[in-house]
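Since the structure comes first, as structure tokens, the remarks are kept for the end.
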Amino acid sequence: MKKNQKKIILKDIRHSKGIYLKEQQALDIATLMIGRGMTQVEAYALIKAKYN
């Protein structure tokens, strides 16, 4: 891991249909990184935007 890369802390997100578990978020981030070639920060931002 590079020194300038900030660490992402996942938290369970509560939304109208229930709870989005941090384990599921980690899987979704990994899927976006592999499937679309995104960085971890970009994938996390996309997921966070969906539930805010």
Side-chain angles (χ1 to χ4, degrees):
M1 195 154 72
K2 296 176 189 159
K3 284 189 185 266
N4 62 356
Q5 191 177 30
K6 68 176 185 174
K7 195 166 184 173
I8 295 170
I9 292 116
L10 294 175
K11 295 183 197 102
D12 293 348
I13 301 173
R14 295 183 184 279
H15 57 90
S16 60
K17 293 187 173 104
I19 301 172
Y20 186 28
L21 298 174
K22 58 186 173 190
E23 293 81 10
Q24 186 61 47
Q25 290 172 47
L27 286 171
D28 291 346
I29 287 172
T31 305
L32 284 170
M33 287 172 70
I34 293 165
R36 302 223 174 121
M38 294 179 156
T39 65
Q40 190 176 7
V41 176
E42 288 171 340
Y44 181 66
L46 192 69
I47 285 172
K48 200 159 176 69
K50 185 178 177 184
Y51 289 99
N52 281 350

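Throughout, residue positions are numbered sequentially from 1 according to the sequence presented.
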Residue pair Y44, L32: steps toward the side chain to side chain contact (heavy atoms under 4.5 Å, CB included) verdict = CA-CA 9 Å; Y44 181 66; L32 284 170; over 6 Å; no

Start with the C-alpha gap between Q25 and D28, add the side-chain angles, then the distance that decides, and say whether side chain to side chain contact (heavy atoms under 4.5 Å, CB included) holds.
-> CA-CA 5 Å; Q25 290 172 47; D28 291 346; 5.6 Å; no

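The closest donor-acceptor contact from the side chain of Q24 to the backbone of L21 lies at 3.5 Å or more, if one exists at all.
Using a 30° and 60° split on the angle between ring planes, Y51 and Y20 fall in the tilted class, from 30° to 60°.
Cluster annotation: L27 is not connected to I29 through the hydrophobic network of ILVMFWY side chains, with a link wherever side-chain heavy atoms come within less than 4.5 Å. Residues I8 and I13 fall within the same hydrophobic cluster, defined by Ile, Leu, Val, Met, Phe, Trp and Tyr side chains chained together at heavy-atom separations under 4.5 Å.
Contact record, M38 with A43: SD-CA, 4.1 Å, taken as the closest heavy-atom pair.
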